[in-house]
> 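Encoded as structure tokens, here's the structure I'll be asking about.
Chain identifiers are assigned alphabetically (A, B, ...) following the order of the sequence lines, protein sequences preceding nucleic acid strands; residue numbering begins at 1 within each chain. All values below come from the heavy atoms of this structure, side chains included, with hydrogens, waters and symmetry mates left out.
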Amino acid sequence: MRRQIPLIIVFISGFTMMLDYFFPSLPVVHGTRELFLNWSRVAFSFAMLLGVFTLLLSNLKKIALQQSGWIFNAVLILSFAVTFFFAAQYKMTPSGSTWITIKGTQVGQTGYQIFQTVYTPLSSSIFALVAFFIASAAFRAFRAKNIEAVLLLSAAIVVMLGSIPFGDLLFNAFLSKISSIPFGFSLYNALHLSQIFGEHPVSWLSNQIQQIPMLAAQRAINFGAAIGMVFMSIKILTGIDRSYFGGGES
Amino acid sequence: MIEKLQHFDRRWIFLTLFIVLCLAVIHPFQLPIAVEPFVQKAYNAIEALKPGDQILMAFDYGPSTAPEVHPAALAMLRHALSRGAKVDMFTLWNEGYPYIQDAIDKVCIPMGKKKNVDYVNLGFKWGGQSGAGVIEGMGSNLKAVFPVTDDGTPYDSVPALQGVRNFHDFKLLLSVSAGTPGIDEYVRYANARYQIPIVSVVTRVSAPKEFPYVTGTQIVGLCAGLVGGAEYEELMHHPGAGTAGLFALSVANMAVIAFIIFGNAIYFLGKGTKKP
């Protein structure tokens, strides 16, 4: 029964949502769907609480056993406790909600300040490090070793240049330079390239790369993923795939 | 010499990028901004709003991606409010919540807009990894999902929400997102079922994933990353954080291109000097 009941819940709720999608005017189905949606939101809120509880429990266990790196678990618990304490200083009144004030200071605001002054810079800094690793990888790994790599490299450079104003500025500066070279600029004009590219030739080329070959590939990927998702959903709804129970059962 | 360069310490690359970015931030230059067609489409969709039109605005991002998408979010909010639209803001990310407050402080209040009359802060609602329960719920009954606003005002007491029941009462959904739940979920659950037009702001790296939707009918306009934000600010004639950051971003891009060229030059020179 431990397995059957969740399967029955998944089957009924999943097919109710599907039925309502195709027959939205059926009142019984629509009402049941609304009920399931309300339940799902309540369940998600409890799942979040459960997640917090599990996080605290597993970290406290590591601290109690003084496992390697337990100091980091202690930092997590301390950060959680401090942030939670300040952010929870919030009271509801009939006219709305407000921060709790202690000795003229809105202590709940401290939770917001912790987010703004500690979490935001830390999170931004970690993400900003990616730029440095990209630069390093660009130098070491992005090599024109074969024809495929040359194509990839050329497309990447055009798209990177096309994404910033420098691309068009550089190309237009180059055009004005070659206008002094015999045949250079006349060839550009003779081929009517200025009429095709307009004032922003690199952006134009970058857009062409992104909106023709790349878009076609992206559509194919999306389509394949969507078909996969449909079949996966059917497998879950009919109980063929039970991996979401955990324990690797399928 | 070539051999030495092949084993170039990558800390020099980090240092070069750091110096270049610092100089770009300290001494920014105004660059000419060419507006991409997708950004123009986003602008046109908001420009078409009439006074009193309701729009939903989702702030689904956190501090790591805010420098990329927040400028466009502010520019679009400013545009929508200047058209007289009523903007109902919410987030499915707990990290997104402070950015709603930031947008209110930087755009709504300076524009003299009234809380719960011209704009509403519906706050954060957790909808799981996919956000399906919340998005689907908003589609059929907004009040059931947000019975009170962020400040605890009951839904029925909010003047801006009078007569608003579900997605059908909104002219537009402005999704500013940097992950899941985000634009893909709105396309899947909000547009596919309720046909609500979506204008989207995403990070530059995830923009190609959305191109099939913009060239289709699901997304009516797209702003990609900081460049998209700068382009939107250009259309608004109101330079902000997007325009300010564009020079640093351009310089960083150029530095990466320079490193690619430098790396390849060393690679080919090294090949030529290899002993048989």
> Identify which part of B/D184 has an atom lying under 4.5 Å from any heavy atom of chain A, answering side chain, backbone, both or neither.
neither
> Any side-chain heavy atom of B/R204 sitting closer than 4.5 Å to one from B/E68?
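Result yes, sub-4.5 Å side-chain heavy-atom pair found.
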> Any side-chain heavy-atom pair from B/E95 and B/F59 closer than 4.5 angstrom?
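No, their side chains stay 4.5 Å or more apart.
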> Let's test your reading of the structure: which of A/Q211, A/R33, A/M214 forms the most heavy-atom pairs below 4.5 Å with chain B?
A/R33
> Non-hydrogen atoms of chain B under 4.5 Å away: do they reach the side chain of A/L170, the backbone, both or neither?
side chain
> Donor-acceptor pairs under 3.5 angstrom involving side-chain atoms of residues 222-234 of chain B: please list them, not counting sequence neighbours.
from   : atom 1 : to     : atom 2 : distance (Å)
B/E231 : OE1    : B/E36  : N      : 3.0
B/Y232 : OH     : B/H79  : ND1    : 2.6
B/E233 : OE1    : B/G240 : N      : 2.9
B/E233 : OE1    : B/G242 : N      : 3.3
B/E233 : OE1    : B/T243 : N      : 2.8
B/E233 : OE1    : B/T243 : OG1    : 2.6
B/E233 : OE2    : B/A241 : N      : 3.4
B/E233 : OE2    : B/G242 : N      : 3.1

> Which region of A/I221, side chain (C-beta onward) or backbone (N, CA, C, O), has a non-hydrogen atom less than 4.5 Å from a non-hydrogen atom of chain B, or is it both or neither?
neither
> Among B/D102, B/N253, B/T149, B/V256, single out the residue with the greatest number of heavy-atom pairs under 4.5 Å to chain A.
B/N253
> Looking at B/R10, B/K125, B/R193, B/K209, which makes the most heavy-atom pairs under 4.5 Å with chain A?
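Heavy-atom pairs under 4.5 Å are most numerous for B/R193.
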> For the side chain of B/S206 and the backbone of B/T203, is there at least one donor-acceptor N/O pair under 3.5 Å apart?
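Judged by distance alone, yes, a pair lies under 3.5 Å.
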> Contact part of B/V145 toward chain A, heavy-atom cut-off under 4.5 Å: side chain, backbone, both or neither?
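For B/V145, heavy atoms of backbone and side chain both lie under 4.5 Å from chain A.
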> Distance alone, cut at 3.5 Å: any donor-acceptor contact between the side chains of B/D150 and B/Y97?
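The criterion, which ignores hydrogens and geometry beyond distance, is satisfied for B/Y97 and B/D150.
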> Would you name the heavy atoms of B/L21 and B/A252 that are closest together and state the gap between them?
CD2-CB, 3.8 Å
> B/Y194 and B/Y189: aromatic ring centres closer than 6.0 Å?
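When the ring centroids of B/Y194 and B/Y189 are compared, they turn out to be at least 6.0 Å apart.
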> Side chains of B/E136 and B/S140: do they bring a donor and an acceptor to under 3.5 Å?
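Distance-only check fails for B/E136 and B/S140.
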> Tell me yes or no: between the side chains of B/H70 and B/Y61, is some donor less than 3.5 Å from an acceptor?
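There is such a pair between these side chains.
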> Do any pairs count as a ring-ring contact (aromatic ring centres under 6.0 Å, His included) and have a residue in residues 135-155 of chain A, sequence neighbours left out, and if so which ones?
A/F139-B/F8, A/F139-B/F262
> Below 4.5 Å from any heavy atom of chain B, which atoms of A/F115 appear? Answer side chain, backbone, both or neither.
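Contact with chain B is through the side chain of A/F115 alone.
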> Side chain, backbone, both or neither: which part of A/S123 has a heavy atom under 4.5 Å from chain B?
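Both parts, backbone and side chain.
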> Looking at chain B, which one of A/L169, A/V130, A/N38, A/L122 has the largest number of heavy-atom pairs inside 4.5 Å, strictly under?
A/L169
> Under 30°, 30 to 60°, or over 60°: which ring-plane class applies to A/F80 and A/F84, parallel, tilted or perpendicular?
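Plane angle under 30°, so parallel.
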> Name the atoms and distances for all side-chain donor-acceptor pairs under 3.5 Å in residues 44-54 of chain A, with sequence neighbours left out.
from  : atom 1 : to    : atom 2 : distance (Å)
A/S45 : OG     : A/R41 : O      : 3.0
A/T54 : OG1    : A/L50 : O      : 2.6

> Within residues 149-165 of chain A, which positions have a heavy-atom distance to chain B below 4.5 Å?
A/L153, A/I157, A/M160, A/L161, A/S163, A/I164, A/P165
> Which one, A/R140, A/M17, A/Q116, A/R143, leads in non-hydrogen pairs under 4.5 Å with chain B?
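Among A/R140, A/M17, A/Q116, A/R143, the one with the most close pairs to chain B is A/R143.
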> Output the option from B/G216, B/A144, B/P63 having the highest count of non-hydrogen pairs under 4.5 Å with chain A.
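Looking at each of B/G216, B/A144, B/P63 in turn, B/P63 comes out on top.
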> Whether the side chain of A/N222 engages the backbone of B/P212 through a donor-acceptor N/O pair (distance < 3.5 Å, no angle test) should be reported.
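Here the side-chain-to-backbone pair does not exist.
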> Does any heavy atom of chain A fall under 4.5 Å from the side chain of B/F18, the backbone, both, or neither of them?
both
> Under 4.5 Å, counting heavy-atom pairs only, tell me which of B/A34, B/P98, B/G137, B/G133 racks up the most with chain A.
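When all of B/A34, B/P98, B/G137, B/G133 are compared, B/P98 has the most.
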> Counting heavy-atom pairs under 4.5 Å with chain B, which one of A/P24, A/S136, A/S125, A/A141 comes out on top?
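Option with the greatest count: A/S136.
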> Contact part of B/F29 toward chain A, heavy-atom cut-off under 4.5 Å: side chain, backbone, both or neither?
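Neither part.
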